[in-house]
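The chains referred to below are lettered A, B, ... by the order of the sequence lines, with proteins before strands, and numbering in each begins at 1.
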Amino acid sequence: MNKKIIIRTLEKIALYLELQGENPFKVSAFRKAAAALEADERSLAEIDDVTKLKGIGKGTAAVITELIDTEKSTVLEELEANTPKGLVPLMKLPGLGGKKLAKLYQELGVDSAERLKEVCEAGEVQKLAGFGAKTEEKILKELGTFGTRAERLPIWQLEPAVIEIEALLQAMPEVEKASVAGSFRRVKETSKDIDFIVATTNAQAVREQLLAQLVILEVVAAGDTKVSVILDREEPISVDFRLVTADEYASALHHFTGSKDHNVRMRQLAKSMGKKISEYGVEQQDGSVVTFESEEAFFAHFNLPFIPPAVRENGSELDRLDELAQLATVQDITSDLHMHTTWSDGAHAVHEMGEALIARGYSHGVITDHSQYLKVANGLTPERLAKQRLEIDVFNAAHPQFRLYAGTEMDILPDGTLDFEDDVLKELDFVIASIHSSFTQSQDKIMARLLTAMENPYVHMIAHPTGRIVGERNGYDPDVKTLIEWAKAYGKILELNANPYRLDLATEHLVYAMELGVPIAINTDAHAIDQLRFMDLGVRYSQKAWVKKELIVNTWTTEQFEAFIRKHKDN
DNA sequence: GCCGTTTTCGGCCCGACTGTTTTCAGTCG
């Protein structure tokens, strides 16, 4: 029996109980049991007694045991038999929860979207107690777009909107502080919406400017403390703004950053100290409410170190506090090892990229334009590579406090050979190998290509090791586990590509790479100066996997980095 | 349904918003 199946079954039971209008605490007990299993890193076989997990008791354990023994759950089967299947998707309709759906089913026989539409149009719904004309109208409107809108959007679609809104808020004189919150701040790969916390003494002015300046498809709510809109973009994006005072800001930011599970743990901790956390502050035993200058001060109030948003997930971060100091922050970054210039498909010249790296406070960086095979990207021949090296030398002569290295992002060709001969590679400071073609080859062929790069003594790093696009394509489907083991065996760096489009290695792979002690490089793969900003995102993504600073190559000093690339050459 | 160094019963994180009401339930995050 697969642990994931058990987790899904418990969640399904919770959903069905909800649809029957069951006690919400009973419903959440099943969800908690599922979450407890998920948060435990052990496999099913390694857990001897599930009831020892907090949140799993007699009832949920019985479901789990039955699943292991018989591969089915009579509890779920009974629930499924008593609930029409068509009700389940309706839970996703905004405004409808278990209670209302249960009533619609019992009173009007609603068991599908079609039937729901019928009874709304017939005016039956507004006659029910607790329902009214507005509810009926809203359901009809939501049914109109039901299933057509993407439920979650990938981070790369949201990131440009976040950057724009941040700039908009910063330009408003009434805004004292503002920050994105929610799952975007926690660097989730996809989010349902974007949340912003705004500190202001003039909520009305901020609300009016937001409604006037954003390109809005629909205003969902516009109250004194909350403005909720859907942006009119290629893919519509929901954005919530919480308008608070400067005093409340830190507490609100923490609250709306979540995750829900993190907040539950924090509130439990507060309660055990006789305090009460709300989004406005922390109520003390004597009833007074303490507010905070910053999230750091908020955590300090509970004798906790600052917990980065990226790790605030299932609550277990509160059990790993001693590991927090080892995580990298963007201040630890000394370099970016993967970027393009006008020599191939980049937008800026070598010296412009170099100066941008200096402006970011880095001590070194590598220019890695595409290689000759990638003609669409104007890939470099060995002759052009040699010329580019001269330009890099000129830059270095003019900037003695900084070191720009000459590198390449070399294609691993479809036939499994490399795009440059060894005598070209050995002249370069840093060699990246990556796949940009024939993604549909069999896994064996892909792995054979990657092995060629691994075995080459001049290759330092494999870039974007899976070729995935977040939320869209899975890439060229390598056996990543084996790839990580090869990196260990051959002493290569694997890349966490910080472009929100890619973000590979994904979290689970980073965890395994760290177990084996494989060095990771967080690189922006920038094709323009502006994209160097992705470093922050990449570093925070690495925190999600609890990657230790010492394994991140671009926290190393120039001397450490040079020692690494030299060792490679000498071998 | 789960849990307990104040509890084996009575809580379970907490508050805003909306729409339904005339003091509150349901939904959402």
Say you pick atom [atom1] in [N] and the same atom in [M]; how far apart are they, in whole Å?
N: B/dG29; M: B/dT22; atom1: P; answer: 28 Å
N: B/dT21; M: B/dG26; atom1: P; answer: 13 Å
N: B/dC2; M: B/dC13; atom1: P; answer: 15 Å
N: B/dT20; M: B/dC12; atom1: P; answer: 29 Å
N: B/dT6; M: B/dG11; atom1: C1'; answer: 14 Å

Can you confirm whether A/V227 sits close enough to A/V219 that some side-chain heavy atom of one is under 4.5 Å from a side-chain heavy atom of the other?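 SC-SC contact between A/V227 and A/V219 ruled out.
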
Would you mind reporting whether A/I277 and A/H301 have side-chain heavy atoms less than 4.5 Å apart?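 When only atoms from C-beta onward are counted, A/I277 and A/H301 do not touch, as no gap falls below 4.5 Å.
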
Donor-acceptor pair, A/Q284 side chain versus A/V289 backbone, under 3.5 Å?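 Side chain of A/Q284 to backbone of A/V289: no pair is present.
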
Residue-phosphate contact under 4.0 Å: [X] side-chain N/O, [N] OP1/OP2:
X: A/Y280; N: B/dC14; value: no
X: A/T60; N: B/dC2; value: yes
X: A/T135; N: B/dT20; value: yes
X: A/T225; N: B/dC17; value: yes

Rounded distance in Å - [atom1] ([X]) to [atom2] ([N]):
X: A/L243; N: B/dG15; atom1: CG; atom2: C1'; result: 16 Å
X: A/L269; N: B/dC13; atom1: CG; atom2: C1'; result: 13 Å
X: A/I277; N: B/dC13; atom1: CD1; atom2: P; result: 12 Å
X: A/R267; N: B/dC13; atom1: CZ; atom2: P; result: 9 Å
X: A/E22; N: B/dC2; atom1: CD; atom2: C1'; result: 14 Å
X: A/I139; N: B/dG19; atom1: CD1; atom2: P; result: 12 Å
X: A/K54; N: B/dC12; atom1: NZ; atom2: P; result: 14 Å
X: A/F131; N: B/dC24; atom1: CZ; atom2: C1'; result: 15 Å

Given B/dC3, B/dC2, B/dC14, which nucleotide is nearest the side-chain atoms of A/A29?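 The listed nucleotide nearest to A/A29's side chain is B/dC2.
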
Assess, by modelled atom type and distance only, whether the side chains of [X] and [Y] contain a donor and an acceptor separated by less than 3.5 Å.
X: A/E176; Y: A/T200; value: no
X: A/E317; Y: A/H262; value: yes
X: A/N314; Y: A/D261; value: no
X: A/E66; Y: A/T74; value: yes

Pairing check on B/dC2: which nucleotide meets the Watson-Crick or G-U wobble criteria with it, both distances under 3.5 Å?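 Checking every strand shown, B/dC2 finds its partner in B/dG11, with both distances under 3.5 Å.
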
Show the distances under 3.5 angstrom between N or O atoms of the protein and N or O atoms of nucleotides 7-10 of chain B.
none

Atom pairs, N/O to N/O, protein against nucleotides 25-29 of chain B, distance under 3.5 Å?
from   : atom 1 : to     : atom 2 : distance (Å)
B/dT27 : OP1    : A/G97  : N      : 2.6
B/dT27 : OP1    : A/G97  : O      : 3.1
B/dT27 : OP1    : A/K100 : N      : 3.0
B/dT27 : OP2    : A/K99  : N      : 3.4
B/dC28 : OP1    : A/G95  : N      : 2.7
B/dG29 : OP1    : A/K192 : NZ     : 2.5

Within the 4.0 Å heavy-atom criterion, would you say [X] contacts the bases, only the backbone, or no part of the nucleic acid?
X: A/A133; answer: sugar-phosphate
X: A/S228; answer: nothing
X: A/K58; answer: sugar-phosphate
X: A/L53; answer: sugar-phosphate

Assess A/K103 against A/F131: is NZ or CZ under 6.0 Å from the centre of the six-membered ring, and within 45 degrees of the ring's axis?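 Negative - A/K103 is either too far from the ring of A/F131 or too far off its axis.
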
A/R312 to A/F306, cation-pi by 6.0 Å centre distance and 45° axis angle: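 Yes, a cation-pi geometry holds between A/R312 and A/F306.
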
Specify the residue among A/L128 and A/K271 whose closest nucleotide of DNA chain B lies further upstream toward the 5′ end.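 Taking each residue's closest nucleotide, the earlier one in sequence belongs to A/K271.
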
I want to verify the glycosidic state of B/dT7; is it syn or anti under the 90° rule?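 Glycosidic conformation of B/dT7: syn.
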
Crowding at CG, A/D69 (>12 non-hydrogen neighbours, <6.0 Å):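 Counting neighbours around CG of A/D69, more than 12 heavy atoms of other residues, nucleotides or ligands fall under 6.0 Å, so yes.
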
Option among A/K99, A/K26, A/R31 that satisfies the salt bridge (charged side-chain N to carboxylate O under 4.0 Å, His left out) test with A/E18: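 That would be A/R31.
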
